[in-house]
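One structure is given here, and the rest of the page talks about it.
Labels below follow one simple rule: chain letters A, B, ... track the order of the sequence lines, proteins then strands, and each chain is numbered from 1. From a predicted model like this one, the values you see are computed outputs, not experimental measurements.
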There are 2 protein chains.
Amino acid sequence: MLQTEKPKYQKLKEYIIQMIQAKELNAGDKIFSENELAERFDISRHTIRQAFSELVNEGWLYKVQGKGTFVNREPGVRVKGAKTIGVITTYLNDYIFPAIIRGVYDVLSEKGYNIALNCTYNRHEKERLCLENLLEQNIAGLIVEPTKSALPNPNIDLYKRFSTQGIPILFIHGCYRELEYSYIVEDDTEAGYMATKHLIDLGHERIAGIFKIDDIQGHYRFSGFQKAHLEAGLSISDSRIIWFETDDQDIKFKIGGTHIQDLLAQCSAVVCYNDQIALKVMDILREKGLSIPDTLSLVSFDDSQLAQASEVKLTTVAHPKERLGEEAGRSILNMIDRVQDYYDIKMQPELIIRGSTENWIGGIKNE
Amino acid sequence: MLQTEKPKYQKLKEYIIQMIQAKELNAGDKIFSENELAERFDISRHTIRQAFSELVNEGWLYKVQGKGTFVNREPGVRVKGAKTIGVITTYLNDYIFPAIIRGVYDVLSEKGYNIALNCTYNRHEKERLCLENLLEQNIAGLIVEPTKSALPNPNIDLYKRFSTQGIPILFIHGCYRELEYSYIVEDDTEAGYMATKHLIDLGHERIAGIFKIDDIQGHYRFSGFQKAHLEAGLSISDSRIIWFETDDQDIKFKIGGTHIQDLLAQCSAVVCYNDQIALKVMDILREKGLSIPDTLSLVSFDDSQLAQASEVKLTTVAHPKERLGEEAGRSILNMIDRVQDYYDIKMQPELIIRGSTENWIGGIKNE
DNA sequence: AACGCTCACTTGTGCGTACAACTTGAGGAT
DNA sequence: ATCCTCAAGTTGTACGCACAAGTGAGCGTT
């Protein structure tokens, strides 16, 4: 006895798909009529129609009554996967977000992918909504800037749902410690080290630090701050470190309970968590009539647009921003195409020396 | 004679869809068997199968051989409309783009809509690619910041394709003169007028102007500049007006062929196209050792983050930014829901007086 | 109680027919 | 040259039949 054979309409389907793939039938070509095929293969017209009906549904063919059946413009396109990448950021602000998005967009748009933008405002509830929203979409991959990355995350379950659906996830800018997902980050410890070492090399010994407590980046930058001190044999006084949170509104006058002016009076230099904090510090100093870098040297992070907007340009450790975005775009595409499954990239920051630390060597103005 | 009636299988389809929507048939329920329906409605089983086949394809039903036909878990999900709004901007930069996107995002995410982000880099070729890309997507509406809005647009044909597909388009920030589409813009003429009048009120008579030539906003702001002069009985000298283009790289040293320092030497105030230009002008003045506002008063537009980053804070005509984004989000949703088909909103700008024009009254420093 | 068999019922495959609706081009009438 | 009609060819709708294949409940045997 013969093995159960495939149904006739199935064989006809495969035959036609093969012809299309072999370019014997091209886009827009008229295909044999139903009657012709019925006669040629000695099959009933009904069976032909069954095969055609499925081919139409799968996007290979289309029919026009009275004219005939034709090969679709891009046969089998609908069979291909989604062409959208979900992107979740913490803020949609004027800081480094635009540069990162630009990097991601440039790479993805090149390959015909789209970006579905979402934002958490650094709140776990919003993060949950974003994830639920994207789960309903048909996305091919997910790029996430983690929300409050230093705190435990209540949305792990949702992240895992993406994984079980085979949707790759890539974290940028930071990552959750609980998850072993791919990430691309700036080497924040190194950045903190570079900033602090620069000040120490200039001869500073009493250096203040202002760091953010609820993002993992703040912890790492502080860690580099410590490392540079340790290496130089300098001690770190807790009283010179200020920690602040996302929600601190009155950051201008006191940070984490300590009045900035009191702190700065004891020091000759300060490491600011980012350019925004640096500008706020500069405003306070200006009010007091203190000059930079003569009275106080100042280093910050990120090299945002703000770093060059002030009268004294900021010495800052440049975040790779746009390059990081591009790298993230390339990586998520590779993960989708299964070229590589896992990434743990630390990008090197770069120290950019400008006016806020120039001319200060060993406490003596150098001109 | 009767009008041509709908085919039987169509009527059967609609009947079943109705029953599902009316919850008479629920997810997972087993539906009548083919034979039962055939007998009940006195239709051939073949016709029933035709209707069922389409319902399966559209996701309403699924079949299991030997068991029966069942209602799908989320019947008609694919039938629902798209929940994505295409957004096309000219740049993804640190200026007012983040605020606008934030406004749009806040409104749309509230209603469960997603943003598909695109960017033209102010080039018509890129704009074309974005539009072609979004045409292939299943978007519900389109928000566009026009590319080179003062120039004729070569992509009108693509914009019209959206309209013929019933996808509403809303322009923000400017609009193409060739198209009669909905738009939401800042009243740039009024903004130009407010900025200039403020200087005239302070006693300035020789006022320079720097404007962008290839965006329609530049034209309008200049038009307000003219209006204020006319109203005050002051003449405008062409030699005090500088036009620049998107692509001008060396804007710092000369703008449109004219050296800035030569120009500014003749004037007591300058209207700058935006905050970015204003900061560049401030840098030039700082190099020359000239002070603001004593030597030169300065007004700009947009009230971006930059306006408060410099040592002398900028007097600027605030762009509605975030409010404009929110308004755009609300409007496109109304257009999708057919609540209102057409919008032509001009939002009023607001003059914010800061250090760059303070203390200058009639040429005498007022302290 | 466990197992296997049968049978009724379901959907799947396949054949046949007929006529309706639509497209197109050829040929005739104007 | 233009318009109209009609016929041939195409897909669409609708009916009929038969048997294959999978499911599950009921029955009887073990």
Side-chain angles (χ1 to χ4, degrees), chain A residues 1-20 25-73 75, chain B residues 1-20 25-73 75:
Chain A
M1 285 285 282
L2 270 171
Q3 193 85 16
T4 315
E5 264 196 88
K6 283 183 189 170
K8 288 188 185 178
Y9 81 100
Q10 275 286 358
K11 289 197 286 187
L12 179 59
K13 260 184 72 179
E14 285 167 19
Y15 172 72
I16 289 173
I17 289 177
Q18 266 189 3
M19 285 193 70
I20 293 173
L25 289 170
N26 291 301
D29 280 6
K30 190 179 171 199
I31 214 177
F32 327 98
S33 82
E34 294 175 358
N35 287 321
E36 192 184 338
L37 276 175
E39 200 173 337
R40 165 121 63 114
F41 290 106
D42 196 27
I43 309 180
S44 107
R45 183 180 159 222
H46 203 70
T47 307
I48 310 272
R49 281 182 68 75
Q50 191 172 2
F52 275 25
S53 144
E54 294 201 2
L55 287 168
V56 167
N57 268 315
E58 290 169 19
W60 296 96
L61 305 177
Y62 67 95
K63 300 168 151 204
V64 182
Q65 186 174 5
K67 289 181 76 173
T69 305
F70 304 87
V71 178
N72 225 327
R73 324 116 276 174
Chain B
M1 288 284 282
L2 272 172
Q3 194 85 13
T4 315
E5 262 196 89
K6 283 184 190 171
K8 289 188 184 176
Y9 80 99
Q10 275 286 358
K11 288 196 286 187
L12 179 59
K13 262 184 71 178
E14 286 167 19
Y15 172 71
I16 289 174
I17 289 177
Q18 266 188 3
M19 285 192 70
I20 293 174
L25 290 170
N26 290 301
D29 281 6
K30 190 178 170 201
I31 212 177
F32 327 98
S33 80
E34 293 175 359
N35 287 321
E36 192 185 337
L37 276 175
E39 201 173 336
R40 164 122 62 114
F41 290 107
D42 196 28
I43 309 180
S44 104
R45 183 179 159 221
H46 202 64
T47 307
I48 310 270
R49 282 183 69 74
Q50 191 171 3
F52 275 26
S53 146
E54 295 200 3
L55 287 167
V56 167
N57 268 316
E58 291 169 20
W60 295 95
L61 305 178
Y62 68 94
K63 299 168 150 201
V64 181
Q65 185 174 6
K67 289 181 74 172
T69 306
F70 305 85
V71 178
N72 224 327
R73 319 117 279 173

* **Neighbours of DNA chain C within residues 44-54 of chain A, by heavy-atom distance under 4.0 Å** =>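 Heavy-atom cutoff 4.0 Å gives Ser44(A), Arg45(A), His46(A), Thr47(A), Gln50(A).
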Please report, rounded to the nearest Å, how far the [atom2] atom of [N] is from the [atom1] atom of [X].
X        : N       : atom1 : atom2 : value
Gln65(A) : dT23(C) : CD    : P     : 7 Å
Asp42(B) : dC15(D) : CG    : P     : 8 Å
Glu34(A) : dC15(C) : CD    : C1'   : 15 Å
Phe70(B) : dG22(D) : CZ    : C1'   : 12 Å
Lys13(A) : dG12(C) : NZ    : P     : 14 Å
Phe41(B) : dC15(D) : CZ    : C1'   : 18 Å
Leu12(B) : dC15(D) : CG    : P     : 11 Å
Lys11(A) : dG14(C) : NZ    : C1'   : 13 Å

* Asked: Within the structure, does a side-chain N or O atom of Ser33(B) lie under 4.0 Å from either OP1 or OP2 of dT10(C)?
  ->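 The answer is yes; a side-chain N or O of Ser33(B) sits under 4.0 Å from OP1 or OP2.
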* Are OP1 or OP2 of dT11(D) and a side-chain N or O of Thr69(A) less than 4.0 angstrom apart? ->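 Thr69(A) to dT11(D) OP1/OP2: side-chain N or O found under 4.0 Å.
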With rounding to the nearest 0.5 Å, note down the distance linking [atom1] in [X] to [atom2] in [Y].
X        : Y        : atom1 : atom2 : result
Thr47(A) : Gln50(A) : OG1   : CD    : 6.5 Å
Thr69(B) : Leu37(B) : OG1   : CG    : 9.0 Å
Ile43(B) : Glu34(B) : CD1   : CD    : 12.5 Å
Phe41(B) : Lys11(B) : CZ    : NZ    : 10.5 Å
Arg40(B) : Ile48(B) : CZ    : CD1   : 10.0 Å

* Less than 6.0 Å separating the ring centroids of Tyr9(A) and Phe52(A)? ->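 Ring-ring flag for Tyr9(A)/Phe52(A): false, centres at least 6.0 Å apart.
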* Asked: Can you tell which of dG14(C), dT11(C), dT11(D) lies closest to the side chain of Lys63(A)?
  ->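 So the nucleotide nearest the side chain must be dT11(D).
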* To do: Compare the minimum distances between each of dT11(C), dG12(D), dG14(C) and the side chain of Tyr9(A), then state the nucleotide with the smallest one.
  =>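 Of the candidates, dG14(C) comes closest.
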* **Any residue meeting side chain to side chain donor-acceptor pair (under 3.5 Å) with Glu54(B), in chain and number order, not counting sequence neighbours** =>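 Per chain and number, Glu54(B) pairs via side chain to side chain donor-acceptor pair (under 3.5 Å) with Lys13(B).
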